[in-house]
Amino acid sequence: MGKRVALVLAGCGVFDGSEIHEASAALVHLSRGGAEVKIFAPNIEQRDVVNHLKGSPAEEKRNVLVESARLARGNIQDLAELKASEFDAVIFPGGFGVAKNLCSWAVDGKNCTVNEHVNSTLQAFHSAKKPIGLCCISPVLAAKVFPGCEVTVGQDKNIDGRFPDAETASAITELGCKHVCKNVNESHVDKANKIVTTCAFMCKAPLHEIFDGIGTMVQEVLKLA
């Protein structure tokens, strides 16, 4: 029987929700790996709504669960209903919604707070020694919740202008965690904590390289499950 994996979304769209290509890549690789996937999102209001055509704020309100349902083709549940005992692993795609809706990193950086259901989900999987996969900005969730863990968000320097958010690595280090530099097509496995991370769109790279990097993350999560 395939591994049972929970996928946690943060809305729909890179600037205020989950990064669509990352969510899709994770789902494709999970499907290829024979996993049985169920999708979840917190039933909360988004921190903000961004007009993705103009890149500017929109004067409206949206719900994270409702927006995430777009990516899940309607087949989604409230994150409050997720039971770690029913799954072998959990994966969080990235996107600004992670830093805005799942936690307050976009506003508060390393001093952020983490949504209660996101925090309890991470704690439950970690306590059960079940793997946690995170990509793009999502590794900051692990850095905040599990001091001392190892993660990657790519590089700690803006090499050739490809890692414009390299300072995130320094913030992770300031939280007492170890940042491990990796290329976009690689992932890092923290074996002690069963946390697998890859940088995805934290790197300016061709889409297929980001897709491949997420593939390595998914493969490592399934191995650990």
Side-chain angles (χ1 to χ4, degrees), residues 7-28 39-76 78-79 91-115 117-118 134-141 143-144 152-155 157-172 184-185 197-214 217:
L7 188 83
V8 181
L9 298 179
C12 181
V14 59
F15 298 127
D16 57 13
S18 288
E19 211 297 319
I20 294 170
H21 299 297
E22 292 178 9
S24 178
L27 287 166
V28 170
I39 304 175
F40 298 84
N43 186 10
I44 57 174
E45 187 177 300
Q46 291 184 187
R47 177 175 288 274
D48 63 11
V49 177
V50 176
N51 180 322
H52 280 58
L53 179 62
K54 297 179 179 179
S56 58
E59 295 300 320
E60 59 181 283
K61 294 182 179 181
R62 296 192 184 187
N63 177 280
V64 174
L65 179 59
V66 172
E67 292 302 298
S68 298
R70 294 174 180 271
L71 282 169
R73 297 171 60 88
N75 190 7
I76 194 168
D78 187 336
L79 183 60
I91 288 178
F92 290 75
F96 277 104
V98 172
K100 292 178 175 181
N101 304 324
L102 302 192
C103 71
S104 63
W105 187 278
V107 176
D108 302 318
K110 67 180 189 297
N111 297 316
C112 72
T113 56
V114 178
N115 170 274
H117 295 302
V118 173
L134 306 137
C135 67
C136 195
I137 192 63
S138 292
V140 302
L141 296 173
K144 186 66 181 180
T152 188
V153 289
Q155 300 291 326
K157 295 182 178 61
N158 189 11
I159 301 170
D160 298 326
R162 298 177 73 225
F163 295 90
D165 301 305
E167 71 276 1
T168 304
S170 298
I172 286 169
V184 67
N185 60 349
T197 50
T198 189
C199 70
F201 278 102
M202 294 292 277
C203 176
K204 290 184 176 180
L207 184 57
H208 71 278
E209 292 184 11
I210 291 163
F211 183 90
D212 291 346
I214 292 171
M217 181 266 285

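Side-chain contact annotation: Asn43 with Asn63, donor-acceptor N/O pair under 3.5 Å present.
Asn101 places a side-chain N or O within 3.5 Å of a backbone atom of Ala10 that can act as its donor or acceptor partner. Judged by distance alone, with hydrogens and angles left aside, the side-chain atoms of Gln155 form no donor-acceptor pair with the main-chain N or O of Lys157 at under 3.5 Å. Without hydrogens or angle criteria, Asn51 side chain to Lys54 main chain gives a donor-acceptor distance under 3.5 Å. Without hydrogens or angle criteria, Glu22 side chain to Gly94 main chain gives a donor-acceptor distance under 3.5 Å. With hydrogens and angles ignored, the 3.5 Å screen pairs no side-chain donor or acceptor of Thr152 with any backbone N or O of Thr198. Here the side chain of Arg47 pairs a donor or acceptor atom with the backbone of Lys100 at under 3.5 angstrom. For the pair Ser68 (side chain) and Val64 (backbone), a donor-acceptor distance under 3.5 Å is present. Of the possible donor and acceptor atoms, one in the side chain of His52 sits under 3.5 Å from a partner among the backbone N and O of Val50. When atom types are taken as modelled, the side chain of Lys144 and the backbone of Lys110 share a donor-acceptor pair closer than 3.5 angstrom.
Side-chain contact between Val98 and Phe92: absent, with no pair of heavy atoms (C-beta onward) separated by less than 4.5 Å. At a threshold of 4.5 Å between non-hydrogen side-chain atoms, the residues His117 and Phe40 do not count as touching. For the pair Val153/Ile172, a side-chain contact is recorded, criterion being any heavy-atom separation below 4.5 Å from C-beta on. Contact annotation: the side chain of Ile210 never approaches that of Cys203 to less than 4.5 Å [non-hydrogen atoms, C-beta and beyond]. By the 4.5 Å heavy-atom criterion applied to side chains, Phe201 and Val14 are not counted as neighbours. Taking 4.5 Å as the limit, every side-chain heavy atom of Ile39 sits out of range of all side-chain heavy atoms of Asn75.
Residues Ala69 and Ile76 share a closest heavy-atom pair of CB-CG2, 3.8 Å. The minimum heavy-atom distance linking Leu71 with Gly11 is given by the pair CD1-O, 3.6 Å. Between Trp105 and Ala171, the shortest heavy-atom contact is CZ2-CB, 3.7 Å. Considering all non-hydrogen atoms of both residues, Phe96 and Asp16 come closest at CB-N, 4.3 Å. Shown here for Ala25 and Ile214, the closest heavy-atom pair between the two residues is CB-CD1, 3.8 Å. Listed here is the closest heavy atom pair of Pro42 and Leu79: N-CB, 3.7 Å.
A distance of 4.5 Å separates NZ of Lys61 from CD of Glu45, quoted to the nearest 0.5 Å. Rounding to the nearest 0.5 Å gives a distance of 13.0 Å between CG of Asp212 and CE of Met217. For the atom pair SG (Cys199) and CG (Leu134), the distance works out to 13.0 Å, reported to the nearest 0.5 Å.
Residues satisfying the side chain to side chain donor-acceptor pair (under 3.5 Å) criterion with Arg70, sequence neighbours excluded, are Glu67.
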- Query: Under the side chain to side chain contact (heavy atoms under 4.5 Å, CB included) criterion, do Cys112 and Val107 qualify, and how do the steps go?
  - Reply: CA-CA 8 Å; Cys112 72; Val107 176; over 6 Å; no
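Looking at Asp108, Thr113, Asn115, Val114 one by one, the single match for side chain to side chain contact (heavy atoms under 4.5 Å, CB included) with Cys103 turns out to be Val114. Of the residues listed (Cys136, Cys135, Pro139), the one engaging Met202 in a side chain to side chain contact (heavy atoms under 4.5 Å, CB included) is Cys136, and it is the only one.
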